[in-house]
Amino acid sequence: MAVPTFVDRVTLHVSAGRGGNGVASVHREKFKPLGGPDGGNGGPGGSVILRVATDVTTLLDYHHSPKRRAEHGGHGAGDHRNGGHGSDLVLPVPEGTVVSDKEGNVLADMVGPGTELVIAQGGRGGLGNAALASSKRKAPGFALLGEPGDELEIVLELKVVADIGLVGFPSAGKSSLIAAISRARPKIADYPFTTLVPNLGVVTAGELTFTVADVPGLIEGASEGRGLGHDFLRHVERCAAIVHVIDTASIEPGRNPLDDLDVIENELARYGGLEDRPRLVALNKVDVPDGRDLSDITIDDLRERGLKVFPISAASGEGLRQLTFAMGEIVAAARAEKEVVEAQRIVLRPPSADGGDDFTIKETGEGWRVRGAKPERWVRQTDFSNDEAVGFLADRFNRLGIEERLVRMGAVEGDTVLIGHPDNAVVFDFQPGIEAGAEMLGRRGEDQRFDDSRPAARRRREIDEAMEGREENETRADVARRLDTTSPAKQKRGGASGPKSYEIGTPSDPDWEESDPGVGQDRE
């Protein structure tokens with residue numbers, strides 16, 4: 001099988017990098033086991049970028065490797081360490097590349113050296129629990145997942161950016177002409193369809209330099225797929241002028257310059273979009289006696305049509321100088337009218353699924369379908385194996401107003417709610433007013449270990465308040481036991497209390513006996 005050397009149309013599958021996941025982590029060190037959340041964020045995934053490169057002239061690389069993927073973002077880590085950014089994947093393309101989706105919709109026209117198109121955006125990194133902490137959620141036990149990057153199939157179609165396009169029947173001498181007026185060295189032979197790919201040549205006319213493209217394989221019916229012109233007619237679209245190269249020495253019966261011109265013009269008209277391009281006619285092979293005679297016969301008829309005609313010989317060089325300078329005049333005029341194309345960066349932003357609002361809700365046969373950029377992104381970021389993360393998602397939905405609108409639209413408890421695209425929607429059972437995870441977590445996302453109002457803190461405050469009214473010999477432990485004895489919970493359990501402090505030789509001494517005066521006297 002022949003190996004192609006020129007490819008001007010490929011189907012490319014591109015995948016941007018996935019964003020890294022955030023991490024749920026708690027800072028721990030000696031004497032400080034619960035130092036607060038310190039989970040870092042995940043890094044964003046790399047994007048896929050198409051960039052116009054002047055040293056690339058074909059799409060051959062993408063013909064051999066049609067699948068390209070950018071780097072994923074790194075996951076977060078503890079101690080507030082964020083994940084690394086995924087590297088962007090930059091794909092060089094020739095100038096004049098048209099980017100379309102698989103349905104044929106044109107996404108961008110890559111013109112101008114350095115122009116960039118972000119064809120697939122990398123996914124966002126997920127937030128770690130340090131970024132999710134707040135005054136009400138002091139130690140989140142969850143983190144957000146990274147979003148997947150864009151993934152799509154595109155079609156790259158090269159339309160050669162040339163100033164002059166050479167068109168004509170096979171073996172009319174187009175390759176010989178481009179070899180004679182430039183340094184291009186295309187394949188030349190004495191049989192039809194020698195040229196299988198467009199050839200580009202750089203031509204100099206005085207101080208002006210321009211490019212000339214040889215478009216191969218135009219015959220009658222080329223616009224319908226006959227010959228090779230069907231594949232390469234697109235390369236004429238960007239030319240400032242069209243030069244008809246007509247063979248005046250053809251040995252095929254029934255061929256003459258006027259008919260050849262009419263056939264090619266008919267194919268160009270059927271292809272469309274080329275009616276406004278200036279035309280030049282080059283009557284080639286006048287170095288052959290029969291060719292010169294036929295040229296002399298038809299040149300007046302061609303000029304009566306308002307065409308500029310140049311008898312030339314690519315073999316001997318006759319008439320080439322006049323032809324190149326005529327090309328140069330057209331190119332100079334076209335460049336003077338054309339605006340300068342500066343390098344730009346194009347970012348594709350798909351239309352929002354919610355039509356401009358935060359979200360939309362429609363009742364379908366499957367249930368209530370919720371669409372919107374925010375809710376769909378939040379679902380992708382949620383770890384459904386973590387109840388606290390699911391509760392956080394429910395809070396976000398409530399703040400956005402999804403539950404309230406569902407109730408207004410007639411949704412009842414137990415109805416099916418689908419969030420996202422029909423191909424990968426997440427399904428919920430509608431439960432209005434229920435705080436997901438509340439029965440297990442109290443306030444969603446709150447860690448009671450970090451709450452100042454926990455029982456131990458309350459007990460210390462009670463003892464501090466009671467110390468202000470203590471008796472003269474009463475210690476802090478005595479105050480604590482007294483509070484325990486007088487508390488309703490202690491009384492319910494029988495009023496049990498622990499040992500208390502006392503002064504030896506006083507009635508508070510458990511060994512003191514009032515009936516034993518000797519003991520009392522000794523103690524005095």
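Throughout, numbering of the chain's residues begins at 1 and tracks the sequence. What you see is a predicted model; the values in this text were computed from it and never measured.
Closest of all the heavy-atom pairs between Ile312 and Ala282 is CD1-CB, 3.7 Å. Of all the heavy atoms in Ala240 and Pro278, the pair that sits closest is O-CD, 3.1 Å.
Using a 4.5 Å cut-off on side-chain heavy atoms (C-beta onward), Leu177 and Leu166 make contact. Put simply, the side chain of Val106 reaches to within 4.5 Å of the side chain of Ser100, judged on heavy atoms. For the pair Leu393 and Phe428, the minimum side-chain heavy-atom distance is below 4.5 Å. Leu50 is not listed as a side-chain neighbour of Val14, based on a closest heavy-atom distance of 4.5 Å or more.
Taking CE of Met110 as the reference point, atom CD of Glu95 lies at 10.0 Å (rounded to 0.5 Å). Atoms OG1 and CZ, from Thr360 and Arg371 in turn, are 7.0 Å apart once rounded to the nearest 0.5 Å. Rounded to the nearest 0.5 Å, atoms NE2 (His75) and CZ (Arg81) are 14.0 Å apart. Atom CD of Glu376 is separated from atom CD of Glu147 by 10.5 Å, given to the nearest 0.5 angstrom. A distance of 6.5 Å separates CZ of Arg279 from CG of Leu274, quoted to the nearest 0.5 Å.
For the pair Arg137 and Phe392, the NZ or CZ position fails the cation-pi test of under 6.0 Å to the six-membered ring centre and within 45 degrees of the ring normal.
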Would you check, one step at a time, whether the test side chain to side chain contact (heavy atoms under 4.5 Å, CB included) holds for His63 with Arg9? CA-CA 8 Å; His63 172 77; Arg9 192 178 191 277; over 6 Å; no
CA sep, side-chain torsions, deciding dist, call: Leu208, Arg335, side chain to side chain contact (heavy atoms under 4.5 Å, CB included): CA-CA 11 Å; Leu208 182 66; Arg335 290 179 180 176; 3.4 Å; yes
Give the intermediate values and the outcome of salt bridge (charged side-chain N to carboxylate O under 4.0 Å, His left out) for residues Asp109 and Lys159. CA-CA 10 Å; Asp109 191 352; Lys159 296 181 180 180; over 6 Å; no
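The environment of CD in Glu29 is crowded: more than 12 heavy-atom neighbours from other residues, nucleotides or ligands sit within 6.0 Å.
A donor-acceptor pair shorter than 3.5 Å cannot be found between the side chains of Glu71 and His85.
One N or O on the side chain of Asn386 and one on the backbone of Gly141 form a donor-acceptor pair closer than 3.5 Å.
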